[in-house]
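Values in this document were obtained by computation on a predicted structure and should not be read as measured data.
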Amino acid sequence: MKKADKVKVTIDSEIPLRGVVKCHCGVPLTGAPSRGKSGKYFYYYKCKHSKHNNISAVKVHEQFLNACDLMSVSERRIKEIRNKTYTSIEQGIKENKKKAEDKKHELEEVQQRLNAVEEKWFRDEINKDTYERWYSAYSDNILTLTSAIERLSINQGKAFDVLDSKLDLLGDIKHIYTESDILQKREFVNMVFDGNLYYEQGIYRTPTMLDIFSHNASKMEERSYLIYKKKRDNISVIPHSGR
């Protein structure tokens, strides 16, 4: 019944993964500098439980950057994504245009009904309560339809511009991560691994990972960067291979 205490995380550019990466016990890793004999400070990620993780930030960061390098998407895959996305955007524009036209016709009909109610009110053919009830209903409908038409009529050209200018960045995930600020780095990790990135026995581990970045999972494991053991969504489905 007791709510779990929220872990307060202080943002530090030297240890951006603090509070994002978890120990194998499930506790988010903390981090702090430790001064060596020379007086220089070295950063470490630690678990609050004794004899759990206490690892050099240099090692952790190097492993993660190497994993990011292997997440980079091939030119062939980027080309496939570009072609499919162009087709999808174009199809979406056509569908939105058709929907907007339908909404405009519907709006005209509702406006005509509202005008008819107003005429009846002016000619004393309906009482005040009836007028106000129908006026409110038709007015709300008009606002809803007008909003839908505006949303469906938005120029989708910006989507093409973003696609052209940003899609090729998928070919260098390490660069994307390195050039990001600390908040973007933390968001990147949470997005790619769905908040399920752990560190155990000198290597990252995760049960969840965006499919587009998982194509080199075996290499990541071979090189001791990251172990990706995909969590099965449906245990009744027999896997294609493995135990």
Side-chain angles (χ1 to χ4, degrees), residues 20 68 71-173 175-177 179-196 208-215 230-234 237:
V20 177
C68 285
M71 290 182 204
S72 298
V73 183
S74 67
E75 291 184 7
R76 180 183 61 81
R77 181 73 176 111
I78 291 175
K79 185 177 180 180
E80 290 176 356
I81 294 172
R82 177 178 278 108
N83 292 337
K84 289 181 179 179
T85 308
Y86 268 132
T87 302
S88 178
I89 293 175
E90 289 173 350
Q91 182 63 30
I93 291 174
K94 290 179 181 178
E95 292 177 357
N96 286 348
K97 186 176 181 180
K98 175 67 169 56
K99 290 178 182 178
E101 291 299 323
D102 293 340
K103 294 294 182 182
K104 288 178 181 178
H105 291 311
E106 191 175 345
L107 177 61
E108 291 176 359
E109 293 178 359
V110 175
Q111 188 65 57
Q112 290 175 1
R113 293 172 189 169
L114 178 59
N115 293 338
V117 168
E118 290 179 338
E119 290 180 5
K120 290 181 179 181
W121 164 247
F122 292 145
R123 294 198 299 264
D124 289 332
E125 295 179 4
I126 55 176
N127 58 38
K128 183 178 180 181
D129 290 341
T130 302
Y131 167 75
E132 289 180 346
R133 184 172 67 254
W134 284 109
Y135 180 86
S136 177
Y138 288 142
S139 295
D140 289 344
N141 202 353
I142 288 172
L143 288 174
T144 300
L145 289 169
T146 301
S147 177
I149 292 169
E150 290 178 355
R151 185 177 66 255
L152 293 168
S153 301
I154 293 176
N155 184 4
Q156 298 294 328
K158 185 177 180 179
F160 287 102
D161 294 338
V162 171
L163 191 65
D164 282 333
S165 62
K166 303 296 183 182
L167 190 59
D168 287 332
L169 293 175
L170 288 175
D172 193 350
I173 300 301
H175 175 76
I176 291 177
Y177 180 81
E179 294 301 312
S180 299
D181 61 38
I182 184 170
L183 293 177
Q184 291 170 336
K185 287 178 179 178
R186 296 168 64 82
E187 181 62 27
F188 173 84
V189 175
N190 282 325
M191 179 187 70
V192 173
F193 302 102
D194 196 24
N196 291 315
T208 52
M209 185 177 183
L210 288 178
D211 286 342
I212 192 173
F213 298 136
S214 65
H215 53 285
K230 187 174 183 180
K231 182 168 61 177
R232 291 176 60 190
D233 297 325
N234 186 352
V237 177

What's the separation between atom [atom1] in [X] and atom [atom2] in [Y], rounded to the nearest 0.5 Å?
{"X": "E187", "Y": "M191", "atom1": "CD", "atom2": "CE", "result": "7.0 Å"}
{"X": "K104", "Y": "L145", "atom1": "NZ", "atom2": "CG", "result": "12.5 Å"}
{"X": "E125", "Y": "T130", "atom1": "CD", "atom2": "OG1", "result": "12.0 Å"}
{"X": "K94", "Y": "N96", "atom1": "NZ", "atom2": "CG", "result": "12.5 Å"}
{"X": "N190", "Y": "N196", "atom1": "CG", "atom2": "CG", "result": "9.5 Å"}
{"X": "R82", "Y": "K79", "atom1": "CZ", "atom2": "NZ", "result": "10.0 Å"}

Evaluate the side-chain proximity of [Y] to [X]: yes if any heavy-atom separation is below 4.5 Å, no if none is.
{"X": "I212", "Y": "L170", "answer": "yes"}
{"X": "E80", "Y": "R77", "answer": "yes"}
{"X": "K230", "Y": "D211", "answer": "yes"}
{"X": "R186", "Y": "V189", "answer": "no"}
{"X": "V73", "Y": "F213", "answer": "yes"}
{"X": "K120", "Y": "V117", "answer": "no"}

Is there a donor-acceptor contact under 3.5 Å from the side chain of [X] to the main chain of [Y]?
{"X": "S136", "Y": "E132", "answer": "no"}
{"X": "N115", "Y": "Q111", "answer": "yes"}
{"X": "S180", "Y": "I176", "answer": "yes"}
{"X": "Q184", "Y": "D181", "answer": "yes"}
{"X": "T146", "Y": "I142", "answer": "yes"}

If you compare all heavy atoms of [X] against all heavy atoms of [Y], which two are closest, and at what distance to 0.1 Å?
{"X": "I173", "Y": "C68", "value": "CB-O, 3.4 Å"}
{"X": "S72", "Y": "H215", "value": "O-NE2, 2.9 Å"}
{"X": "I149", "Y": "A100", "value": "CG1-O, 4.2 Å"}

Are side-chain N/O atoms of Y86 and D164 paired as donor and acceptor at under 3.5 Å? yes
Any salt bridge between D129 and R133, counting N to O under 4.0 Å? no
Please work out whether the ring planes of Y131 and W121 are parallel, tilted or perpendicular, with thresholds of 30° and 60°. parallel
Answer yes or no: are there more than 12 heavy-atom neighbours, outside K103 itself, under 6.0 Å from its atom NZ? no
